[in-house]
Peer 1: 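So that we are looking at the same thing, I have put the structure below in structure tokens.
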Amino acid sequence: MEKKNFKAESKRLMDLMINSIYTHKEIFLREIISNASDALDKLHFVSLTDTTAEKLPELFIKIYLNKEDRTITVADNGIGMSLEELEDNLGTIAKSGSLQFKNDLSEDEKSDIIGQFGVGFYSAFMVADEVTVNTKKYGSDKAYQWKSSGADGYTIEETAKENCGTEIIMHIREDAEGEDYSQYLESYKIQSLVKKYSDYISFPIKMDVETSVNTAKEGEEPKYEQVTEEKVLNSMVPIWRKNKNEVTQEEYNNYYKEKFMDMTDPLVTINVSAEGTVSYKALMFIPAAAPYGYYSKEADKGLQLYSNGVMIMDRCEQLVPDYFRFVKGVVDSQDLSLNISRELLQHDRQLNIIAKNIEKKIKSELTKLLKNSPDKYETFWKAFGLQIKYGIASTYGMNNENLKDLLVFKSSVVDGYTTLADYVSRMPESQKYIYYACGETAEKIQALPQTELCKDKGYEFLYFTDDIDEFVAKSLITYGEKTIMSIADEHAELQSDEEKEKTEKQTQENKELLDFVAEKLKDKVTKAVISKNLKSHPVCLSAEGAISIEMEKYFSQTPGDEPKPKASKVLELNADHPAFEALKNAYESDKEKAGKLAEILYNQGLLIAGLPLEKPVEYCDLVCSLF
């Protein structure tokens with residue numbers, strides 16, 4: 001028995017493979033099982049094309065654990081390897097027999113073979129200090145044993161093996177500091193890894209498993225004994241590969257709840273089977289409620305990615321845009337370009353095509369839900385509406401076209417939610433803008449002084465109750481040909497021509513008083529004006545410039561000690577209110593009192609706007625000083 005060295009700079013490549021290519025050591029089992037699956041596929045293909053071939057027995061993969069010897073054996077009854085193939089495939093790292101097999105197929109012949117890089121087998125050395133391969137080629141009388149302890153080389157000799165196929169015996173390393181290799185000798189661990197990575201391999205993966213069985217007869221006290229039974233560890237046929245007509249909604253619901261650990265049925269099930277430039281299948285779900293911690297930075301996103309039933313990535317973030325990250329599910333395609341470790345996907349055209357198609361499909365399903373099932377859409381919106389809004393606001397309007405028709409808001413004239421399109425369809429001809437008002441709740445918005453004029457005109461306005469809402473409006477700017485406008489904006493144009501003339505006249509008549517108030521409050525407001533929006537209330541605050549009062553509130557809640565953006569506040573006064581008349585009289589007779597009244601009106605404006613009083617005690621003392 002002659003010891004041979006690996007070819008093609010294999011020592012360096014072996015070291016790189018063991019220490020750098022794979023992120024997690026547990027991947028080794030996925031790779032070894034995938035190779036076994038390829039061997040079974042090759043034999044199945046040969047049996048279909050060889051008319052002289054005998055009828056094949058059941059094709060399967062079997063895993064054996066031996067704690068005492070510290071070995072894991074993965075055996076298959078697939079096509080096996082000849083001496084030459086053993087030399088080529090295992091003596092040359094990065095030489096893939098599976099890739100060569102696929103390349104030899106004609107364009108009309110298809111195979112589900114997974115491997116293509118020829119390094120998966122060597123992942124065994126991440127957990128094993130010695131690997132033995134016993135193999136017998138289909139149709140051959142001779143079997144061979146390949147053995148290696150790593151980069152130092154390998155040996156090949158004839159051995160005895162009854163049936164064709166390959167068995168890989170991995171001698172597991174002893175535990176080291178920070179490394180628990182013994183876990184891979186535990187039955188539960190192997191079962192969980194098969195379920196995680198190889199559940200949809202199309203051949204049964206079997207293992208002898210100890211189970212507790214009640215051996216007592218009827219009427220006797222339960223008596224449990226440990227019994228070893230052969231168990232199939234994998235599901236084989238994924239639910240997303242089945243015809244939709246063969247699967248009930250209950251089965252989809254059960255799959256979702258088990259796979260994604262949710263107690264509630266999904267709100268929407270999305271099934272995709274695409275053929276064409278890129279072929280793929282996808283099964284996706286929109287949950288009925290946001291999971292705990294969904295809106296935190298640590299929340300996970302992405303769909304599970306499979307290639308021919310083998311899980312490649314647990315969360316592929318590239319498959320869904322951030323604003324649809326609430327979608328859970330799987331995508332399975334054999335047309336993907338995988339990198340050498342099959343852990344990360346190469347950024348390529350196929351992935352981009354799948355991602356764009358999935359995005360369109362999700363939007364289509366949400367649009368359908370909004371149109372046909374408004375009650376279910378309301379459930380969705382309460383759970384994930386903020387995500388849609390963030391999708392618009394966080395990208396400065398880049399996603400407006402994709403998302404604007406999914407937006408819904410509470411409104412002053414309809415029950416439930418309304419879309420922007422429905423709002424526009426109800427607008428009278430005299431209304432120029434889509435109006436909105438900001439506040440913590442709909443009830444508080446209804447009580448705002450600025451809403452009175454809008455109500456008198458019979459104009460509908462939207463309730464902006466989320467911090468993000470005004471950022472969304474600033475990003476959208478318009479919907480169709482209509483500008484989105486706050487009812488508190490100085491350009492809201494809620495006054496008639498006569499009312500405008502009256503306000504302009506009052507502004508001119510009280511210019512000195514307004515300048516006086518602005519000077520008294522110079523560190524708090526940029527100016528004082530006669531309001532165009534107030535009707536029965538004495539005062540309110542508005543803002544000029546890019547930062548509104550609602551935005552100031554939002555920024556004030558963000559963490560950090562750095563200065564927060566502030567709104568340039570404007571004190572709006574109702575010239576027809578007795579409070580203004582009192583201010584005006586005080587200005588003419590007692591400017592000190594007029595200054596106090598200006599302070600009081602400003603603080604009342606803060607209260608109405610939902611902003612904190614800067615100095616509550618001083619405000620109370622100021623009010624009491626007027627008695």
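Keep in mind that what you see is a predicted model, and the values were worked out from it rather than measured.
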Peer 1: Taking E162 first and then K136, would you say they form a salt bridge - that is, a charged N and a carboxylate O separated by under 4.0 Å?
Peer 2: no
Peer 1: Assess whether side-chain hydrogen bond (donor to acceptor under 3.5 Å, both in side chains) is satisfied between D422 and S425, documenting all intermediate values.
Peer 2: CA-CA 5 Å; D422 287 341; S425 71; 4.6 Å; no
Peer 1: Is it true that K404 and E401 have a side-chain N and a carboxylate O under 4.0 angstrom from each other?
Peer 2: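 The answer is yes: the pair qualifies as a salt bridge.
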Peer 1: Looking at the rings of Y280 and W240, which for Trp means the six-membered one, are their centres under 6.0 Å apart?
Peer 2: no
Peer 1: Can you tell me if Y64 and D208 form a side-chain donor-acceptor pair at under 3.5 Å?
Peer 2: no
Peer 1: Decide, yes or no, whether a salt bridge links K382 with E378 under the criterion of side-chain N to carboxylate O below 4.0 Å.
Peer 2: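 Between E378 and K382 there is a salt bridge, with a charged N closer than 4.0 Å to a carboxylate O.
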Peer 1: Working to the nearest 0.5 Å, report the span between CG of D41 and CG of D76.
Peer 2: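 With rounding to 0.5 Å, CG (D41) is 11.0 Å from CG (D76).
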Peer 1: Are F384 and F324 near enough that their ring centres are under 6.0 Å apart?
Peer 2: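 Centroid separation for F384 and F324: 6.0 Å or greater.
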Peer 1: Heavy atoms only: give me the nearest F380-L369 pair and the separation to one decimal.
Peer 2: CB-CD2, 4.4 Å
Peer 1: Give a yes or no on whether the backbone of I205 and the side-chain of N234 come within a donor-acceptor separation of less than 3.5 Å.
Peer 2: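 A pair under 3.5 Å: yes.
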Peer 1: Would you say I286 and F326 make side-chain contact, with heavy atoms under 4.5 Å?
Peer 2: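 Side-chain contact under 4.5 Å: yes.
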Peer 1: Any donor-acceptor pair under 3.5 Å linking the side-chain atoms of N402 with those of E359?
Peer 2: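 Per modelled atom types, E359 and N402 side chains form a pair under 3.5 Å.
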Peer 1: Would you say the side-chain atoms of Y377 pair up with the backbone N or O of N372, donor to acceptor, closer than 3.5 Å?
Peer 2: no
Peer 1: Between V330 and Y255, which heavy-atom pair has the shortest distance, and what is it?
Peer 2: CG1-OH, 3.8 Å
Peer 1: Please lay out, stage by stage, how N271 and Y252 fare under the test side-chain hydrogen bond (donor to acceptor under 3.5 Å, both in side chains).
Peer 2: CA-CA 10 Å; N271 209 318; Y252 281 132; 2.5 Å; yes
Peer 1: Give a yes or no on whether a salt bridge exists between K206 and E58, defined as a side-chain N under 4.0 angstrom from a carboxylate O.
Peer 2: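 Salt bridge present between K206 and E58.
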Peer 1: Kindly determine whether Q249 and N253 satisfy side-chain hydrogen bond (donor to acceptor under 3.5 Å, both in side chains), including the steps that lead there.
Peer 2: CA-CA 6 Å; Q249 186 59 51; N253 292 348; 2.8 Å; yes
Peer 1: Would a line drawn from the ring center of F409 to the ring center of Y417 be shorter than 6.0 Å?
Peer 2: no
Peer 1: Centre-to-centre under 6.0 Å for Y479 and Y423, is that the case here?
Peer 2: no
Peer 1: Using 4.0 Å as the upper bound for N to carboxylate O, is an ion pair formed by E251 and K242?
Peer 2: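 Salt bridge between K242 and E251, a charged N being under 4.0 Å from a carboxylate O: no.
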Peer 1: For the pair S202 (side chain) and V237 (backbone), establish whether a donor and an acceptor sit closer than 3.5 Å, ignoring hydrogens and angles.
Peer 2: no
Peer 1: Among L476, L407, V472, T395, which residue satisfies the side chain to side chain contact (heavy atoms under 4.5 Å, CB included) criterion with N400?
Peer 2: L476
Peer 1: Would a distance-only check, ignoring hydrogens and angles, find a side-chain to backbone donor-acceptor pair under 3.5 Å from D332 to A282?
Peer 2: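 No, because the side chain of D332 does not come within donor-acceptor range (under 3.5 Å) of the backbone of A282.
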Peer 1: D69 and side chain to side chain donor-acceptor pair (under 3.5 Å): which partner among N66, T71, T73?
Peer 2: N66
Peer 1: Would K195 and S235 count as a side-chain hydrogen bond (donor to acceptor under 3.5 Å, both in side chains) if you check the C-alpha gap in whole Å, the side-chain angles of each, and the deciding distance to 0.1 Å?
Peer 2: CA-CA 8 Å; K195 199 72 178 172; S235 304; 3.3 Å; yes
Peer 1: Of all the heavy-atom pairs spanning V232 and P204, show the shortest one and how long it is.
Peer 2: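 Heavy atoms of V232 and P204 come nearest at CG1-CB, 4.1 Å.
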Peer 1: In plain terms, say whether R325 and E317 are close enough for a salt bridge, that is, a side-chain N and a carboxylate O under 4.0 Å apart.
Peer 2: no
Peer 1: Measuring only between side-chain heavy atoms, which start at C-beta, is V194 closer than 4.5 Å to Q191?
Peer 2: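 Contact flag for V194/Q191 side chains = no.
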Peer 1: In the structure I gave you, are the side-chain heavy atoms of S212 and Q226 within less than 4.5 Å of one another anywhere?
Peer 2: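 Yes, side chains in contact.
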Peer 1: Could you tell me which non-hydrogen atom of I32 sits nearest to which non-hydrogen atom of F121, and how far apart they are?
Peer 2: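 Taking every non-hydrogen atom into account, CD1-O, 3.7 Å.
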Peer 1: Under a 3.5 Å distance rule, please check whether K376 uses its side chain to pair with a backbone N or O of L267 as donor and acceptor.
Peer 2: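 Yes: the side chain of K376 pairs with the backbone of L267.
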Peer 1: Is there a side-chain contact between S333 and V278 (heavy atoms, below 4.5 Å)?
Peer 2: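 In short, these two side chains touch, coming nearer than 4.5 Å.
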Peer 1: How long is the span from the OG1 atom in T418 to the CG atom in L462, to the nearest 0.5 Å?
Peer 2: 7.0 Å
Peer 1: Say whether, by atom type as modelled, one donor and one acceptor occur between the side chain of N77 and the main chain of F60 under 3.5 angstrom.
Peer 2: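 Looks like yes, one N/O pair under 3.5 Å.
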Peer 1: Any carboxylate oxygen within less than 4.0 angstrom of a Lys/Arg side-chain nitrogen, looking at R173 and E179?
Peer 2: no
Peer 1: Please report the shortest heavy-atom distance between I172 and Y181, naming the atom on each side.
Peer 2: CG2-O, 3.5 Å
Peer 1: Would you name the heavy atoms of T264 and K257 that are closest together and state the gap between them?
Peer 2: O-CG, 3.6 Å
Peer 1: May I ask you to say whether E365 pairs ionically with K368, meaning some side-chain N is under 4.0 Å from a carboxylate O?
Peer 2: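 Yes.
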Peer 1: Taking side chain as C-beta onward, heavy atoms only, is T367 less than 4.5 Å from S364?
Peer 2: no
Peer 1: Do L65 and M207 come within less than 4.5 Å of each other through their side chains, counting heavy atoms only?
Peer 2: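 Side-chain contact under 4.5 Å: yes.
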Peer 1: Heavy atoms, side chains only, cut-off 4.5 Å: are L420 and D405 in contact?
Peer 2: no
Peer 1: Should E167 and K62 count as an ion pair when the cut-off is N to O under 4.0 Å?
Peer 2: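 No.
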Peer 1: Do D469 and K389 come close enough that some side-chain heavy atom pair is under 4.5 Å?
Peer 2: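 Yes. Closest side-chain heavy atoms under 4.5 Å.
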Peer 1: Side chain of K231, backbone of L233: donor and acceptor closer than 3.5 Å?
Peer 2: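 A pair under 3.5 Å: no.
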